[in-house]
Amino acid sequence: MAVLATMATVPIALHAAQLSGDARASIPRDVQQIIVVDYRQMQNSPAAMQLKDRVLPPELKHLETALKNSGLQVDQDADTLAFAAFRMPGTGGEGTGTRILGVAQGQFNTQAIMAKFAKDKTKVTMLRNNAIYPMGSGGMSVAFLNQTTMVFGDREAVRAALNARDGLEPNFLQNNEMMAEMPSVDSQAVWSILDQKGTQTMMKSVLGAAAGLADYDTVKNRMKDASYTMDFSNGVRFNMSVDMSDTITAATAATIMKGVALMKKSSGSALEKSAVDDTTIDSNAGVLTVAYSSSDSQFAGLLTSPLFQQVVVK
């Protein structure tokens, strides 16, 4: 997964996209990546919509489509939408058994939704006191934690979420490392945090062939975690931070990324060269940083370029 390709939806940054306590408690502890967006503002940014249409991963597109087709009026009622890739309990730490869970926050008319389920004779499955409803024929399910929060995904993901919320399995609130990452990014309208495995996967995709270099193996093993944010309120701004184990490793990672950028620039169009020039890669106190900014029109042109396809479509 590349940095941008991991994004579920990309709204403008007018309001913070924060997760409530109930939402956090419903996410299992062993999270590889969380993406959180201000869903209500998504429609207001043409640049955000263009990016979303081009880079939404198939798994997340499937979830979003199922939610929209369920009759839950997500476009009207949802304020915040989150996607969490997590490892199922007992599957180890190498990403096997990974599931994707969706969490929607907003003001949901649960009475009307339940009436529709009853009218359609939707078959409910009970898990303790929790009602799980199927979303169409695609194998997706949804459960309401309360009137403002719902969880959705395949049945196993929803069951894992309810077990986490009910205290039968560890939840995200007990993930001290990733909880510590959140305060630096969750004031933004779109943000994501990744654990070590998620960070390694993302960086391998971003670096492409450079990930095969001997220096990268050293860097990879010293990655700790990462986060990124995007802002569409005034042009396009992207910021990413990758925590390394030490300053030397961070500087090495920055050097590798700068080399990749120069290679892209040497073979790119004028627009692509400008995009590389608008990207700043640096390191400071053991943290690799990447920052990109452009106007809406520049970004719209970049979306159709070969460089964009190479970087984000994996």
Side-chain angles (χ1 to χ4, degrees), residues 8-9 11 15-42 60 63-64 66-68 70 72-89 99-114 117 124-135 140-193 195:
T9 51
H15 303 285
Q18 296 183 325
L19 292 176
S20 67
D22 279 341
R24 297 180 189 186
S26 70
I27 299 173
R29 180 188 60 191
D30 294 329
V31 170
Q32 182 165 309
Q33 181 178 17
I34 293 179
I35 307 164
V36 185
V37 301
D38 183 344
Y39 196 71
R40 185 170 293 279
Q41 298 300 325
M42 182 180 62
L60 302 190
L63 273 184
E64 186 189 44
L67 186 62
K68 288 182 177 180
S70 66
L72 298 179
Q73 297 182 316
V74 64
D75 290 332
Q76 300 177 32
D77 299 336
D79 295 323
T80 301
L81 193 62
F83 292 95
F86 66 95
R87 290 175 285 274
M88 293 289 286
R99 288 285 198 278
I100 297 179
L101 175 73
V103 183
Q105 297 179 161
Q107 295 297 321
F108 304 113
N109 188 340
T110 53
Q111 185 175 359
I113 292 169
M114 294 303 114
F117 282 149
V124 61
T125 300
M126 297 301 299
L127 181 65
R128 297 178 296 279
N129 294 324
N130 305 295
I132 304 175
Y133 298 92
M135 294 195 300
M140 298 291 105
S141 300
V142 61
F144 287 86
L145 304 183
N146 51 53
Q147 192 166 335
T148 63
T149 310
M150 69 172 77
V151 293
F152 59 98
D154 66 38
R155 183 172 298 181
E156 289 303 311
V158 171
R159 289 177 66 91
L162 295 173
N163 286 339
R165 194 280 306 268
D166 292 346
L168 300 182
E169 297 287 351
N171 64 45
F172 183 66
L173 292 169
Q174 297 165 283
N175 187 326
N176 295 331
E177 292 79 8
M178 295 193 78
M179 284 293 294
E181 289 185 59
M182 288 179 60
S184 64
V185 295
D186 72 354
S187 62
Q188 303 298 313
V190 54
W191 56 271
S192 179
I193 54 177
D195 74 350

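Just so it is clear, the model here is predicted, and its values are computed rather than measured. Basis for what follows: all heavy atoms, side chains included, without hydrogens, waters or symmetry-related copies.
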State whether the side chain of S192 and the backbone N or O of I34 hold a donor-acceptor pair below 3.5 Å, judged by distance alone. yes
Of all heavy-atom pairs linking V158 and G153, the shortest is CG2-N, 3.6 Å
Does a side-chain heavy-atom distance below 4.5 Å link M179 with R24? yes
Are there over 12 heavy-atom neighbours, none belonging to N146, within less than 6.0 Å of that residue's CG? yes
One should read off an interatomic distance between M178 CE and R29 CZ, to the nearest 0.5 angstrom, of 13.0 Å
Where do F108 and G106 come nearest, in terms of heavy atoms and distance? CE1-N, 3.5 Å
Check against side-chain contact (heavy atoms from CB on, under 4.5 Å), I132 and L127: CA-CA 7 Å; I132 304 175; L127 181 65; 4.1 Å; yes
Check whether any side-chain heavy atom of L101 sits under 4.5 Å from a side-chain heavy atom of R99, and report yes or no. no
Straight-line distance of I100 CD1 to F152 CZ, nearest 0.5 Å: 10.5 Å
Might you work through the side-chain contact (heavy atoms from CB on, under 4.5 Å) test for T148 and S20, ending with a clear yes or no? CA-CA 10 Å; T148 63; S20 67; 6.0 Å; no
Considering all heavy atoms of both residues, which atom of P170 and which atom of A164 are nearest to each other, and what is their separation? O-CB, 4.1 Å
Nearest-0.5 Å distance that lies between atom CG in L173 and atom OG in S26: 9.0 Å
How far apart are the C-alpha atoms of T149 and V103, what are their side-chain angles, what is the distance that settles it, and do they pass the side-chain contact (heavy atoms from CB on, under 4.5 Å) test? CA-CA 7 Å; T149 310; V103 183; 4.0 Å; yes
In the structure I gave you, are the side-chain heavy atoms of Q105 and L145 within less than 4.5 Å of one another anywhere? no
Within the structure provided, determine whether L168 and R128 are in side-chain contact (heavy-atom separation under 4.5 Å). yes
Do you know which two heavy atoms are closest between Q33 and I35, and how far apart they sit? NE2-CG1, 3.8 Å
What distance do M88 atom CE and D30 atom CG have between them, rounded to the nearest 0.5 Å? 11.0 Å
Rounded distance [0.5 Å steps], CZ in F86 versus CD in E169: 10.5 Å
Any side-chain heavy atom of D195 sitting closer than 4.5 Å to one from N175? no
Give the intermediate values and the outcome of side-chain contact (heavy atoms from CB on, under 4.5 Å) for residues N171 and Q174. CA-CA 6 Å; N171 64 45; Q174 297 165 283; 3.8 Å; yes
Contact between M182 and W191 at the side-chain level, heavy atoms closer than 4.5 Å - yes or no? yes
Taking the side chain as every heavy atom from C-beta outward, state whether R165 and L162 have any pair of such atoms under 4.5 Å apart. yes
Once you round to the nearest 0.5 Å, how far does CD1 of I193 lie from CD of Q32? 12.5 Å
Tell me whether the count of non-hydrogen atoms from other residues, nucleotides or ligands lying under 6.0 Å of CZ in R159 goes above 12. no
